[in-house]
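Below: the structure, in structure tokens.
Below, chains carry the letters A, B, ... as their sequence lines are ordered, and counting in each starts from 1.
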There are 2 protein chains.
Amino acid sequence: MTHPHPHHRGHRSRSRRGVGSEWRVHARVERFIEPALLLILRDGSTHGYELADSLADLVPAERIDMGNLYRMLRALEAEGIVESEWRDDLPGRNRRTYRLTEQGASLLDTWVDALDKANKTITAFLERYRDRREE
Amino acid sequence: MTHPHPHHRGHRSRSRRGVGSEWRVHARVERFIEPALLLILRDGSTHGYELADSLADLVPAERIDMGNLYRMLRALEAEGIVESEWRDDLPGRNRRTYRLTEQGASLLDTWVDALDKANKTITAFLERYRDRREE
DNA sequence: TTCACATATATGTGAAACACATATACTATG
DNA sequence: CATAGTATATGTGTTTCACATATATGTGAA
């Protein structure tokens with residue numbers, strides 16, 4: 001499976017108008033791919049290409065960039081957050097299989113706390129939006 | 001009121017370790033200042049400097065950068081999302097007072113939809129994290 | 001009355017995160 | 001044996017942002 005995502009090309013969060021004075025906005029959590037990756041690896045080791053498919057489920061709004069994904073995996077390995085092993089015994093092409101280290105599990109926990117906070121901030125925003133709307 | 005925020009300098013989302021193999025992570029919604037700004041202006045016109053204080057409440061985890069805030073306000077004005085008026089009649093220093101346009105109100109609505117989605121994505125992530133943890 | 005501090009707006013600049021393009025090589029299959 | 005799918009990787013420009021700095025006016029205390 002490849003990953004075509006034709007929508008809203010060329011921008012980050014907000015694009016110019018679409019048709020009929022509609023705005024298109026994408027609320028992205030910065031570096032969200034990283035905790036998503038860690039969570040997937042916590043539930044079982046895999047290789048980069050398969051991670052992309054799992055990520056597509058966990059982060060539906062995000063187009064997965066394979067180039068940046070592999071770069072991120074090697075950066076995480078350099079920091080001791082994941083470890084990898086090159087497998088040439090498995091059927092199919094050779095691949096590098098990643099697993100989470102203890103350091104990585106600890107980083108995942110830290111991300112979870114941060115995401116909890118982010119969620120509360122967003123929820124507070126949405127509540128304020130709706131509260132004053134209904135006055 | 002000025003805005004000192006000494007914590008976690010120099011990085012975006014993830015910093016190197018702190019003391020005792022702890023990670024410090026900040027889950028930021030990209031460009032979140034923009035919708036926060038729009039929401040505050042929906043509830044009443046103000047000027048840039050005061051917006052910073054209101055933002056500090058709405059977005060507690062974020063250090064407010066005045067330079068970028070003023071830049072953003074002028075960019076939003078150029079796009080017709082806010083309108084401003086230079087006031088020299090009020091007590092105190094002259095200031096530029098901003099108000100939300102209809103375009104801006106529509107953009108705020110769009111942001112709300114996007115933030116709703118982001119909230120659901122984060123919630124799904126946290127649920128998956130906790131589910132498998134308790135098995 | 002001047003010095004310090006708060007208010008208020010603004011520009012310059014470099015780095016991180018990211019989108020998009022492209023390269024490479026092997027495997028499976030019709 | 002050509003084509004599509006699997007798998008990993010590098011190159012590069014843009015956006016968003018952190019941090020530094022500039023400028024000018026108002027206010028209160030020494």
Side-chain angles (χ1 to χ4, degrees), chain A residues 1-16 25-35 37 46-53 55 59 61-77 84-98, chain B residues 1-16 25-35 37 46-53 55 59 61-77 84-98:
Chain A
M1 188 204 198
T2 40
H3 304 280
H5 257 264
H7 63 118
H8 68 76
R9 301 172 73 82
H11 305 93
R12 296 286 272 277
S13 286
R14 179 158 60 89
S15 78
R16 307 293 140 207
V25 164
H26 183 191
R28 298 186 58 260
V29 175
E30 198 180 65
R31 285 181 63 82
F32 189 63
I33 294 300
E34 179 176 292
L37 221 67
T46 23
H47 55 101
Y49 195 80
E50 199 182 71
L51 274 168
D53 287 335
L55 281 171
V59 197
E62 217 68 47
R63 32 137 136 271
I64 306 304
D65 183 298
M66 296 307 295
N68 294 334
L69 177 54
Y70 285 115
R71 251 191 293 250
M72 175 171 285
L73 283 168
R74 276 174 290 118
L76 292 174
E77 181 159 31
S84 78
E85 197 191 352
W86 188 259
R87 306 288 300 272
D88 55 359
D89 54 325
L90 303 170
R93 266 217 58 177
N94 292 6
R95 47 202 188 196
R96 186 171 289 282
T97 299
Y98 289 91
Chain B
M1 187 203 196
T2 40
H3 305 281
H5 256 266
H7 63 118
H8 70 74
R9 302 171 71 81
H11 303 93
R12 294 288 273 276
S13 287
R14 178 157 60 89
S15 77
R16 309 293 139 207
V25 163
H26 183 191
R28 298 185 59 260
V29 175
E30 198 178 65
R31 286 179 62 82
F32 189 62
I33 295 299
E34 178 174 294
L37 221 67
T46 23
H47 54 102
Y49 196 79
E50 198 182 72
L51 274 167
D53 287 336
L55 281 171
V59 198
E62 218 67 49
R63 32 137 136 271
I64 307 304
D65 183 296
M66 296 306 297
N68 293 334
L69 176 54
Y70 286 113
R71 249 191 294 252
M72 177 171 284
L73 283 168
R74 273 174 291 117
L76 291 174
E77 182 160 29
S84 77
E85 195 190 351
W86 188 258
R87 305 288 298 273
D88 54 359
D89 53 324
L90 302 171
R93 267 216 56 175
N94 291 6
R95 46 203 190 197
R96 187 170 288 283
T97 299
Y98 288 92

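Side chains of I64(B) and I33(B) form a contact here, defined as non-hydrogen atoms less than 4.5 Å apart. Taking the side chain as every heavy atom from C-beta outward, L55(A) and L69(A) approach each other to under 4.5 Å. Within the 4.5 Å cutoff, the side chain of L76(A) has heavy atoms near those of the M72(A) side chain.
Residue D65(A) holds its CG atom at 8.5 Å from CZ of R63(A), rounded to the nearest 0.5 Å. Atom NE2 of residue H47(B) and atom CH2 of residue W86(B) lie 11.0 Å apart, to the nearest 0.5 angstrom. Between atom CZ of residue F32(B) and atom CD of residue E62(B) there is a gap of 8.5 Å, rounded to the nearest 0.5 Å. Taking CZ of R28(A) as the reference point, atom CZ of R28(B) lies at 10.5 Å (rounded to 0.5 Å).
Side chain of E30(A), nearest nucleotide from dC18(C), dA18(D), dT9(C): dC18(C). When distances run from any side-chain atom of R63(A) to the nucleotides dC20(C), dA8(C), dC19(D), the shortest one goes to dC20(C). The side chain of R95(B) sits closest to dA8(C) out of dA19(C), dC18(C), dA8(C).
The nearest whole Å value for the distance from the CZ atom in R28(B) to the C1' atom in dT15(D) is 12 Å. For the pair E85(B) CD and dT9(C) P, the computed distance is 13 Å after rounding to whole Å. One can place CE of M66(A) at 10 Å from P of dA9(D), the figure rounded to the nearest angstrom. Rounded to an integer number of Å, the gap from N94(A) CG to dA9(D) C1' is 15 Å. The distance from atom CZ of R14(B) to atom P of dA17(C) is 8 Å, rounded to the nearest whole Å. Rounded to whole Å, atom P of dT9(C) lies 6 Å from atom CH2 of W86(B). dT27(C) atom C1' lies 12 Å from atom OH of Y49(A), rounded to whole Å. One atom, CD1 of I64(B), and another, P of dA8(C), lie 16 Å apart when rounded to the nearest Å.
A donor-acceptor contact under 3.5 Å links the side chain of D65(A) to the base of dC20(C).
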Both distances under 3.5 Å, Watson-Crick or G-U wobble: on that basis, could you give the dot-bracket string for DNA chain D, with [ ] for crossing pairs and | for other-strand partners? ||||||||||||||||||||||||||||||
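Within the structure, every side-chain polar atom (N or O) of R12(B) is placed at least 4.0 Å from both OP1 and OP2 of dA17(C). OP1 and OP2 of dT9(C) both lie 4.0 Å or more from every side-chain N or O belonging to R96(B).
Checked options R14(B), R12(B), H26(B); the residue passing with E30(A) is R12(B) (criterion: side chain to side chain donor-acceptor pair (under 3.5 Å)).
The two residues R96(A) and S84(A) come nearest to each other via the heavy atoms NH1-OG, 2.9 Å.
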Checking V25(B) against R31(A) for the side-chain contact (heavy atoms from CB on, under 4.5 Å) test, could you report, in this order, the C-alpha distance in whole Å, the side-chain angles of both residues, the deciding distance, and whether it holds? CA-CA 10 Å; V25(B) 163; R31(A) 285 181 63 82; over 6 Å; no
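The stretch residues 67-77 of chain B touches DNA chain C through G67(B), Y70(B), R71(B), R74(B), each having a heavy atom within less than 4.0 Å of the strand.
Among the protein residues, E50(B) comes within range of no part of the nucleic acid, since none of its heavy atoms lies under 4.0 Å from any strand.
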